[in-house]
Amino acid sequence: MEGFVPWPPEFARRYRQEGYWLDKTITEILEESFERFASNPLLIAAQSGRVYSYEECGRLVTRLALHLKSLGLELYDRVILQLPNQPEVLLTYLAILKAGGIPIMALPPHQEAEIGFFAKLAEARALVIPAVFRKADKQQMAENILKEAPSLDIVLVGGGTPRQGFHSLDALLADPIEERTVDRAFPRPDPDLPAVLQLSGGTTGIPKLIPRTHNDYIYNFLCNAQVCALDQRTVLLLAIPQQHNFALACPGFMGIASAGGCEVLSDAPSPDAALGMIETYQVTHWIAVPAMIIAVLNHPDRSRYNLKSLKIILTGGSKLNPEVALRVRPELGCDVQQVLGMAEGPLYWTRLDDPDEVRFGTQGRPQSPGDDLKIVDPSTGEEVRPGEMGELWCRGPHTIRGYYRVPEYNAKAFSPDGFYKSGDLVRLDPSGNVIVEGRLKDCINRGGEKISAEEIENHILAHPSVDICACVAMPDPVLGERVCVFVVPKPGQELTLAELNRFLLEERRIAKFKLPERLELVDALPLTNVGKVNKVALRNTIAEQIDKEGA
Ligand code: OOB
């Protein structure tokens, strides 16, 4: 497939021999579950309480896949999936796979800038959107994108009345096409080719698409379901966007579905909602970013909720500080299992039987025996001495060998021997687990959601009052980091945060979660001795400033 970088044959051979790659499709693996666990509940829509059994999910997925086929979707067609956390997002995801398509896992808050970009880069055939998301008219967004992306010709709309030429997802799900369809065969994708395009956290001006193959992604979630000991009794709460790799495959929905368990899917991000759902649905496992754990720990009414069913919080996306980790057992009565994960594939987990200092103080070790890691001095590419800090490089049976359709960038992002350069600065502790100490990459980690500094800077530079600018992370007690922008205005120009953000939302049409939350107007930006903007100095300046204001 053009633009996809496969594993070299000697690695593919090894991964098969060692039993990591099964040469099945995601649809085949999950259909085994639909049959095997038929009457078990697979999915609960948290807000309505509607329960979907494995059998019902399988039936609805086949129906929707037949509709996609009759609308003209073909093998390997790319489909942008932007629905919020309701069961339809999973039914559609599985239906796209069954019809042979490749879902692009866009996030619900993405706007025209992001969705238009993915549509053009991947030459997407179809787009699946909610009619409205947080007051944004997504059908209008789709109309605008259709004018610029000639490959797009199918638009499915969840909720609300579809505009002319668009299709109602709800109507398709309610229409039993299977009863009048004789040919129910679907094309079978090659397990060595991309099944899903994930999004990269982003460290450059342009977002990247991450091709996850059937072989690699299946191993990713099967191995992960074992590491997290999921089984038929597991009730997993998910309130982060279902499209995220963490929510989909680590172990996420696919991990739970492979194990016969049940997922409670919620689109309410508040700590109150999470606490209520744990009690109502007797949740045993909860996938939560550290910001959510902090919010729950600090929640004044926490003792009103019965959390007895909760056994483990699976946490990652940003660093869980040991002080917070230490509060979990005494205050919430459950354990934490930490993951250093990346949409590119690498997964480092602490294990449930690790000693306390490993479970609370490290971000774990590779989940697969087939993984290789190196900790290197980024300036030389040489491995550092044991215990020293360096950049984490990863390679393995579920770590990609290249981003989709960006050969020049891949030459820098991967080593010649195929390691993914994570951009994370880590140290290996004597137990063989990594501790995340910082990062090289230029992004802001806002409660686990990654925001590329360069991407936002490029949009801000388009504002008529801005001469130069730099985005950096500013510390936040709950989210960890938020975006702060330093701007040198053009001579005689003024700028406020409100005006800048109006411009970014209305004229640049970017997702709201990426907006700067603080603007600092300055006369000049500090430079390093090679003439680049000194972001370390800017981060220190804003951290000191916030510290002073707090005091
Ligand atoms: C997950 O994936 P991404 O692709 O959104 O972000 C990856 C980056 C890592 O390179 C690292 O910088 C940061 O997020 N990160 C952590 C972390 N887990 C991720 N930093 C410190 N401590 C951790 N535990 O975020 C992701 C993917 C799968 C599972 C879980 C998280």
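When a ligand or atom number is given, it counts from 1 through the structure's own listing order.
Here Val436 has side-chain heavy atoms under 4.0 Å from ligand 1, and that is the only part of it that gets that close. Neither the backbone nor the side chain of Ser200 comes within contact range of ligand 1; no heavy atom lies under 4.0 Å.
Using modelled atom types and a 3.5 Å distance limit, the side chains of Gln198 and Tyr217 yield a donor-acceptor pair. Side chains of His244 and Glu449: a donor-acceptor N/O pair is present below 3.5 angstrom, by distance only.
For atom 16 (C) of ligand 1, the closest non-hydrogen atom on the protein side is Leu340 CD1, 3.6 Å. In this structure, the protein non-hydrogen atom closest to atom 21 (C) of ligand 1 is Lys319 N, 3.4 Å. Remark: minimum distance from atom 18 (N) of ligand 1 to any protein heavy atom is reached at Gly317 N, 2.9 Å. Ser318 O, 3.4 Å is the protein heavy atom nearest to atom 23 (C) of ligand 1. Of all protein heavy atoms, the one lying nearest to atom 7 (C) of ligand 1 is Gly341 O, 3.3 Å. Looking only at heavy atoms of the protein, atom 9 (C) of ligand 1 is closest to Asp424 OD2, 3.2 Å.
No side-chain donor-acceptor contact under 3.5 Å links Asn540 to the backbone of Ala537. The closest donor-acceptor contact from the side chain of Arg401 to the backbone of Thr399 lies at 3.5 Å or more, if one exists at all. Between the side chain of Arg446 and the backbone N or O of Lys514 there is no donor-acceptor pair closer than 3.5 Å.
Remark: ligand 1 atoms within the under-4.0 Å shell around heavy atoms of Ala343 are 2 (O), 3 (P), 4 (O). With ligand atoms numbered from 1 in the order given, ligand 1 contributes 22 (N), 24 (N) to contacts under 4.0 Å with heavy atoms of Gln363. Within ligand 1, the atoms closer than 4.0 Å to a non-hydrogen atom of Asn245 are 27 (C), 28 (C), numbered from 1 in the order shown. Taking a cut-off of under 4.0 Å to the non-hydrogen atoms of Val339, the atoms of ligand 1 that pass are 17 (C), 18 (N), 23 (C), 24 (N), 30 (C). Counting atoms of ligand 1 from 1 in the listed order, those under 4.0 Å from a heavy atom of Phe246 are 28 (C), 29 (C), 30 (C).
Heavy-atom distances between Lys441 and ligand 1 reach below 4.0 Å in at least one pair. Heavy-atom distances between Lys450 and ligand 1 reach below 4.0 Å in at least one pair.
Ion pairing of Arg359 with Asp335 is present here, as a side-chain N (NZ or NE/NH1/NH2) and a carboxylate O approach within less than 4.0 Å. Between Arg482 and Asp476 there is a salt bridge, since a side-chain N of the basic residue sits under 4.0 Å from a carboxylate O of the acidic one. Checked for salt-bridge contact, Arg509 and Glu114 miss the test: no charged N lies under 4.0 Å from a carboxylate O.
Taking the salt bridge (Lys or Arg N to Asp or Glu O under 4.0 Å) definition, one finds that Asp371 meets it with nothing, sequence neighbours left out.
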Should Ser379 and Asp377 be marked as a side-chain hydrogen bond (donor to acceptor under 3.5 Å, both in side chains) after you check the CA-CA gap, both sets of side-chain angles, and the distance that decides it?
CA-CA 6 Å; Ser379 59; Asp377 174 342; 2.7 Å; yes
